[in-house]
Amino acid sequence: MAEDDRLASLVRSTLRSAGRQLAEARQAYDDAKQSAREDLPLDDQGQARIVCRRHAERRAVRLDEDGRPHCFDAEHPDCQGCVEDIDDGTIETW
């Protein structure tokens, strides 16, 4: 019986540790995304100055809470790539 208790304790502590590591990884990812958004140059109205991949033009756009420009179209691959670039911090700016 004591061996069962030790095994159960080991499993619980391992799961707790994995949960903490997952939470830390999520927080680091969220921090990196937020940092990438904060590094974008802004115009006088606080809009991000990005180069639109879809229309190949400079645009000043507001970003929503998920870091998507207001012109984002979920069905368009260029828009999807734009959001990925914003998250990665590799979006072309002006």
Side-chain angles (χ1 to χ4, degrees):
M1 191 70 164
E3 191 171 315
D4 289 342
D5 291 340
R6 281 186 281 183
L7 180 60
S9 176
L10 176 65
V11 169
R12 278 194 301 276
S13 77
T14 301
L15 289 175
R16 270 190 242 116
S17 176
R20 281 191 296 271
Q21 290 175 356
L22 179 61
E24 289 171 3
R26 282 184 179 155
Q27 185 62 46
Y29 177 75
D30 289 343
D31 290 348
K33 282 177 60 173
Q34 183 64 28
S35 176
R37 284 187 223 136
E38 290 172 357
D39 289 341
L40 292 174
L42 304 177
D43 69 2
D44 294 337
Q45 288 79 34
Q47 298 182 71
R49 295 184 307 167
I50 64 172
V51 176
C52 175
R53 292 175 83 183
R54 183 175 183 178
H55 299 285
E57 65 183 15
R58 293 179 179 181
R59 288 189 172 188
V61 295
R62 292 224 179 269
L63 300 179
D64 67 13
E65 62 278 351
D66 293 324
R68 295 180 307 228
H70 73 273
C71 56
F72 176 73
D73 177 359
E75 300 295 317
H76 200 282
D78 284 340
C79 291
Q80 294 167 1
C82 181
V83 171
E84 291 171 5
D85 287 351
I86 290 171
D87 290 344
D88 293 341
T90 59
I91 188 78
E92 188 176 345
T93 60
W94 52 278

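Looking at residues two or more places apart in sequence or on another chain, you find a side-chain contact (heavy atoms from CB on, under 4.5 Å) between L7 and V11. For R53, the side-chain contact (heavy atoms from CB on, under 4.5 Å) partners at least two apart in sequence or on another chain are D78, C82, D85. For E57, the side-chain hydrogen bond (donor to acceptor under 3.5 Å, both in side chains) test picks out R59, with sequence neighbours left out. Not counting sequence neighbours, D43 has no partner by the side-chain hydrogen bond (donor to acceptor under 3.5 Å, both in side chains) test.
With values rounded to the nearest 0.5 angstrom, L22 atom CG is found 12.0 Å from L15 atom CG. Rounded to the nearest 0.5 Å, atoms CD (Q47) and CG (L42) are 9.5 Å apart. The distance from the CG atom of D87 to the CZ atom of R68 is 10.0 Å, given to the nearest 0.5 Å.
Scanning both residues, E75 and Q80, for their nearest heavy atoms gives C-NE2, 4.2 Å. In plain terms, the two heavy atoms of P41 and W94 that are nearest each other are CG-O, 3.8 Å. Shortest non-hydrogen contact noted between C71 and V61 is SG-CG1, 4.3 Å. D64 approaches D66 most closely through the heavy-atom pair OD1-N, 2.9 Å. In this structure, Q45 and R62 approach most closely via the heavy-atom pair O-NH2, 3.0 Å.
Under a 4.5 Å side-chain heavy-atom cut-off, the cluster of Ile, Leu, Val, Met, Phe, Trp and Tyr residues that includes L10 has no other member.
Residue pairs that meet the salt bridge (charged side-chain N to carboxylate O under 4.0 Å, His left out) test with at least one member in residues 8-23, sequence neighbours left out, do not exist here.
Under a hydrophobic clustering in which Ile, Leu, Val, Met, Phe, Trp and Tyr are joined whenever their side-chain heavy atoms come within less than 4.5 Å, directly or via other members, L63 and I50 fall into the same cluster.
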